[in-house]
Participant: 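Submitted below is the structure of interest, expressed as structure tokens.
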Amino acid sequence: MKMDNIQILGFKGMVDSVGDTLDRINSIKKDGEIIQLLNADSVASTNHIIHGVNQAFLAFERGENLAKDISVEIVLRCSAQRQISKAFAMLGLKDGQMNLCAVMINCDDYSSELGEMFERDDGVLRGDDLKLMDLYKISESETDNMSIEKVIIDRITKLAVDY
């Protein structure tokens with residue numbers, strides 16, 4: 001399994017039903033393509049997501065994956081969590097109005113298809129520091145030396161080290 005290309009796009013929109021939304025996403029993509037929708041309110045930056053995706057693919061290469069499915073592994077790594085339920089509570093879809101981070105890996109360009117479902121807004125990919133500190137339980141002393149983005153990236157990396 002290898003990652004040839006990655007696109008990260010921001011959207012705002014209504015998720016009427018998580019199941020229906022996921023079915024629609026699955027009907028768009030072809031075999032071997034990955035489209036993962038994440039709660040953008042839990043995203044610090046595109047670098048945060050790129051690092052999490054890279055770590056997920058590396059975990060599969062090394063046989064150190066925590067999940068059987070690469071999409072679930074991406075959610076685990078991007079959330080810096082080991083428990084699937086915690087990872088999806090942080091980064092998973094919920095019914096209602098949402099800010100969304102669309103991660104497309106080894107895909108054709110589906111921005112127009114996603115644009116039919118949601119309103120494109122890459123501004124949602126810039127995290128709210130106070131929300132992120134609360135969500136990821138980041139202390140002020142941690143941010144004395146590193147940005148919140150770097151603290152989260154560091155925690156993602158530590159998942160591999162603590163394996």
Side-chain angles (χ1 to χ4, degrees), residues 1-13 15 18-95 98-111 113-114 117-118 120-122 124-128 131-132 135-138 148-163:
M1 182 180 326
K2 104 183 190 202
M3 181 173 54
D4 290 326
N5 67 55
I6 182 171
Q7 280 182 289
I8 300 171
L9 306 174
F11 292 92
K12 287 182 176 207
V15 175
V18 171
D20 290 350
T21 301
L22 295 177
D23 288 346
R24 208 160 154 203
I25 294 298
N26 287 331
S27 73
I28 294 171
K29 66 182 179 139
K30 299 180 190 103
D31 283 348
E33 295 180 330
I34 298 167
I35 302 175
Q36 183 66 52
L37 294 181
L38 303 172
N39 179 350
D41 292 342
S42 304
V43 172
S45 66
T46 55
N47 288 337
H48 163 195
I49 299 305
I50 289 168
H51 187 71
V53 169
N54 281 329
Q55 290 297 310
F57 274 84
L58 288 171
F60 264 84
E61 277 179 29
R62 293 187 302 256
E64 297 174 356
N65 43 304
L66 302 166
K68 291 181 176 91
D69 180 85
I70 187 66
S71 294
V72 175
E73 190 74 21
I74 288 168
V75 177
L76 283 167
R77 299 294 167 158
C78 288
S79 69
Q81 298 293 316
R82 293 186 168 283
Q83 290 184 340
I84 292 171
S85 59
K86 284 185 180 179
F88 277 96
M90 292 172 78
L91 282 169
L93 297 185
K94 296 164 181 59
D95 290 345
M98 283 194 75
N99 294 328
L100 299 159
C101 172
V103 183
M104 296 182 285
I105 303 161
N106 301 338
C107 283
D108 290 336
D109 183 357
Y110 295 118
S111 54
E113 288 86 345
L114 290 170
M117 297 171 66
F118 309 109
R120 178 76 187 265
D121 182 356
D122 288 333
V124 301
L125 300 174
R126 288 186 296 279
D128 176 306
K131 281 184 187 173
L132 292 169
L135 183 66
Y136 288 91
K137 307 212 180 334
I138 299 170
I148 289 166
E149 173 194 60
K150 287 194 168 117
V151 171
I152 295 169
I153 287 171
D154 187 53
R155 289 184 182 179
I156 292 168
T157 303
K158 283 182 178 168
L159 282 179
V161 174
D162 293 343
Y163 180 77

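This chain uses plain numbering: 1 for the first residue, then up along the sequence.
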Participant: What pairs with Leu135 under side-chain contact (heavy atoms from CB on, under 4.5 Å), at least two apart in sequence or on another chain?
Facilitator: Ser42, Met90

Participant: Using a cut-off of 6.0 Å, state whether more than 12 heavy atoms not belonging to Lys29 lie near its atom NZ.
Facilitator: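 Counting other residues, nucleotides and ligands, NZ of Lys29 exceeds 12 neighbours.
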
Participant: Does Asp109 have any salt bridge (Lys or Arg N to Asp or Glu O under 4.0 Å) partners at least two apart in sequence or in another chain, and if so, which?
Facilitator: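 By the salt bridge (Lys or Arg N to Asp or Glu O under 4.0 Å) rule, Asp109 matches no residue at all.
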
Participant: Using the side-chain contact (heavy atoms from CB on, under 4.5 Å) criterion, which residues pair with Leu132? Sequence neighbours excluded.
Facilitator: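 So Leu132 forms a side-chain contact (heavy atoms from CB on, under 4.5 Å) with Ala44, Tyr136, Ile148.
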
Participant: Using the test salt bridge (Lys or Arg N to Asp or Glu O under 4.0 Å), find all partners of Asp69 that sit at least two apart in sequence or belong to another chain.
Facilitator: none

Participant: Going by the rule side-chain hydrogen bond (donor to acceptor under 3.5 Å, both in side chains), which residues pair with Asp95 if we only count those two or more places apart in sequence or in a different chain?
Facilitator: none

Participant: Which residues pass the side-chain contact (heavy atoms from CB on, under 4.5 Å) test with Asp41, not counting sequence neighbours?
Facilitator: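 Result, side-chain contact (heavy atoms from CB on, under 4.5 Å) vs Asp41: Asn39, Asn99.
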
Participant: Run the side-chain hydrogen bond (donor to acceptor under 3.5 Å, both in side chains) test against Asp128 and tell me which residues pass, sequence neighbours left out.
Facilitator: none

Participant: How far does CD of Gln81 sit from CG of Leu91, to the nearest 0.5 angstrom?
Facilitator: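 It is 9.0 Å, given to the nearest 0.5 Å.
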
Participant: Return the set of residues passing salt bridge (Lys or Arg N to Asp or Glu O under 4.0 Å) with Asp20 (not counting sequence neighbours), or none when no residue passes.
Facilitator: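 So Asp20 forms no salt bridge (Lys or Arg N to Asp or Glu O under 4.0 Å) with any residue.
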
Participant: Could you tell me whether the side chain of Glu73 and the main chain of Leu66 form a donor-acceptor pair under 3.5 Å?
Facilitator: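 Between the backbone of Leu66 and the side chain of Glu73 there is a qualifying donor-acceptor contact (under 3.5 Å).
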
Participant: Can you list the residues that meet the salt bridge (Lys or Arg N to Asp or Glu O under 4.0 Å) rule with Lys94, with sequence neighbours excluded?
Facilitator: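 In terms of salt bridge (Lys or Arg N to Asp or Glu O under 4.0 Å), with neighbours along the sequence ignored, Lys94 is linked to no residue.
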
Participant: With Glu33, which residues qualify under side-chain hydrogen bond (donor to acceptor under 3.5 Å, both in side chains), at least two apart?
Facilitator: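 Partners of Glu33 under the side-chain hydrogen bond (donor to acceptor under 3.5 Å, both in side chains) test: Tyr110.
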
Participant: Using the test side-chain contact (heavy atoms from CB on, under 4.5 Å), find all partners of Arg120 that sit at least two apart in sequence or belong to another chain.
Facilitator: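 With neighbours one apart ignored, the set is Leu9, Phe11, Ser111, Asp122.
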
Participant: With sequence neighbours left out, what residues match Asp121 under side-chain hydrogen bond (donor to acceptor under 3.5 Å, both in side chains)?
Facilitator: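 So Asp121 forms no side-chain hydrogen bond (donor to acceptor under 3.5 Å, both in side chains) with any residue.
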
Participant: Checking side chain to side chain contact (heavy atoms under 4.5 Å, CB included) against Ile49, which of Asn54, Val103, Ile156, Ile74 comes through?
Facilitator: Val103

Participant: Between the side chains of Asp154 and Lys150, is the shortest nitrogen-to-carboxylate-oxygen separation below 4.0 Å, so that they form an ion pair?
Facilitator: no

